[in-house]
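Okay, structure first, notes after.
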Amino acid sequence: MSAKVKTHSNDEVKKPVARKDLSKAAWTWKEMKKNWVAYAMLAPYYIVFLLFTIVPVIVSLVLSFFEFNMIEPPVWVGIQNYTRLFLADDLFVTACKNTLIFASIIGPVSYIMSFCVAWFINELGPKLRAVVTLIFYAPNIGGSVYLIWKTLFSSDSYGYVNGILLDLGIITKAISFFEDAKYIMPLCIVVALWLSLGTSFLNFIAGLQGVDHSLYEAGAVDGISNRWQELWYITLPYMKPQLLLSAVLAITQAFGFGQVVNDLCGNPSTDYAAWTIMHHLDDYGGARFEIGYASAIATVLFIVMVGTNQLVKKLLSKVGQ
């Protein structure tokens, strides 16, 4: 692809090829050959990622158009799984409603809360910062964190909340919090928020620690006069990689909500009060072995999560503007 020119000594030398002279595919192949060592080092990760992430997603998408029970050969049914899902499955509608409620509350609130906690911790001294970080991260490394909430909201008079309410005369008999559909969703949301800091706020702390402090001095020269302007015009734009990673984690956690409900309320919860898309997926895929139908549920969830992620990326691109 390279042109040749003659020098005064009649020797032929290669002339550098401009990017505009090559197609995108040709330029990509040229760069890959040039950096083949890097690609060789990354190959093990790419292979594992392809086999255990990309291939399952494609297989799930394909199986969503089949009826498959893991015993008999798949039978093509076209969009029948999707029409059944949206037009004949009332429980899926309930799952979608509950999932959207959980996601719309847990996702944004946990994201903002993680950043605020990280910002607060970043202002502390190194030793105190380490202690406070451990305190906030402790719920994610505790083995029996749900035992705390089950004890607090125990359905008999020995539960702390019931005991206090009975002593104050607010109630006359103990409330079964995790068996009453009226209380299940609010309590599950509170527990999920309590557990939601995790990796996100550690990621934010790392981002805040990595901000170049000379930028603040330059910003002061350019007219930035308070901490909020520093946050919007300097800190957040510098932390866009961390903001995006934490957004992806928050979206995944919000739409994958389900384990908290299982541990606190059992599966299914009373009157399906906290029944989510993940529960619906586990029910058809893990209990009924209707793999084709479960794949359709997974595909819908995947599309919603990807769409939400793209929306968040677009919003984050406006940070600092």
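Everything numeric here is computed off the predicted structure, so don't read it as measured data.
Counting non-hydrogen atoms of other residues, nucleotides and ligands closer than 6.0 Å to CH2 of Trp228 gives a total of 12 or fewer. Counting non-hydrogen atoms of other residues, nucleotides and ligands closer than 6.0 Å to CD of Glu67 gives a total of 12 or fewer.
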Side chain to side chain donor-acceptor pair (under 3.5 Å) between Ser64 and Tyr82: does it pass, once the steps are laid out? CA-CA 8 Å; Ser64 68; Tyr82 292 97; 2.7 Å; yes
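A donor-acceptor distance shorter than 3.5 angstrom exists from the side chain of Asn35 to the backbone of Glu31, with no hydrogens or angles considered. Listed for the Ser104 side chain is a donor-acceptor partner under 3.5 Å among the backbone atoms of Ile101. Between the side chain of Tyr111 and the backbone N or O of Leu243 there is at least one donor-acceptor pair closer than 3.5 Å. Proximity of a side-chain donor or acceptor of Thr270 to a complementary backbone N or O of Glu179 within less than 3.5 Å is detected. Checked by atom type and distance alone, the side chain of Lys313 never pairs as donor or acceptor with a backbone atom of Thr308 at under 3.5 Å. A donor-acceptor pair under 3.5 Å is absent between the side-chain atoms of Thr276 and the main chain of Gly258, judged by distance alone. Using a distance-only test at 3.5 Å, with no hydrogens or angles considered, a donor-acceptor pair links the side chain of Thr299 to the main chain of Ser295. No donor-acceptor distance shorter than 3.5 angstrom exists from the side chain of Asn267 to the backbone of Asn262, with no hydrogens or angles considered.
The shortest heavy-atom contact between Pro108 and Ala103 is CD-O, 3.4 Å. A pairwise comparison of heavy atoms in Ala247 and Val312 identifies CB-CG1, 3.5 Å as the closest pair. Ala273 and Asn98 get closest at one heavy-atom pair: O-ND2, 3.5 Å. Pairing each heavy atom of Leu281 with each of Ala294, the nearest pair is CD1-O, 3.1 Å. Considering all non-hydrogen atoms of both residues, Phe204 and Gln242 come closest at CE2-O, 4.1 Å. The heavy-atom pair separating Met239 from Phe115 by the smallest distance is CE-CE1, 4.0 Å.
In this structure, Tyr46 is not a member of the same hydrophobic cluster as Trp36, with clusters built from ILVMFWY side-chain heavy atoms closer than 4.5 Å. At a threshold of 4.5 Å between side-chain heavy atoms, the hydrophobic network of Ile, Leu, Val, Met, Phe, Trp and Tyr places Phe302 and Val300 in two separate groups. Taken together through direct or relayed side-chain contacts under 4.5 Å among Ile, Leu, Val, Met, Phe, Trp and Tyr, Ile106 and Trp275 form parts of separate hydrophobic clusters. Residues Tyr284 and Leu91 do not share a hydrophobic cluster, defined by chaining ILVMFWY side chains whose heavy atoms lie under 4.5 Å apart.
Between Phe153 and Phe177, the ring-plane angle classifies as perpendicular under the 30° and 60° cut-offs. The aromatic rings of Phe201 and Tyr137 are tilted relative to each other, their planes meeting at an angle between 30° and 60°.
Among residues at least two apart or in separate chains, there is no salt bridge (charged side-chain N to carboxylate O under 4.0 Å, His left out) pair with a member in residues 89-118. Residue pairs that meet the salt bridge (charged side-chain N to carboxylate O under 4.0 Å, His left out) test with at least one member in residues 114-129, sequence neighbours left out, are Glu123-Arg227. Applying the salt bridge (charged side-chain N to carboxylate O under 4.0 Å, His left out) test to residues at least two apart or on different chains, the pairs with a partner in residues 273-283 are Asp283-Arg288.
Ring centers of Phe92 and Tyr293: at least 6.0 Å apart, outside the cut-off.
With no hydrogens or angles considered, no side-chain donor-acceptor pair links Asn69 and Glu290 at under 3.5 Å. Side chains of Glu230 and Asn226: a donor-acceptor N/O pair is absent below 3.5 angstrom, by distance only. A side-chain donor-acceptor contact under 3.5 Å links Thr235 and Tyr216.
Atom CG in Leu301 sits 12.0 Å away from atom NE2 in His280 (nearest 0.5 Å).
Contact annotation: the side chain of Leu187 never approaches that of Leu264 to less than 4.5 Å [non-hydrogen atoms, C-beta and beyond].
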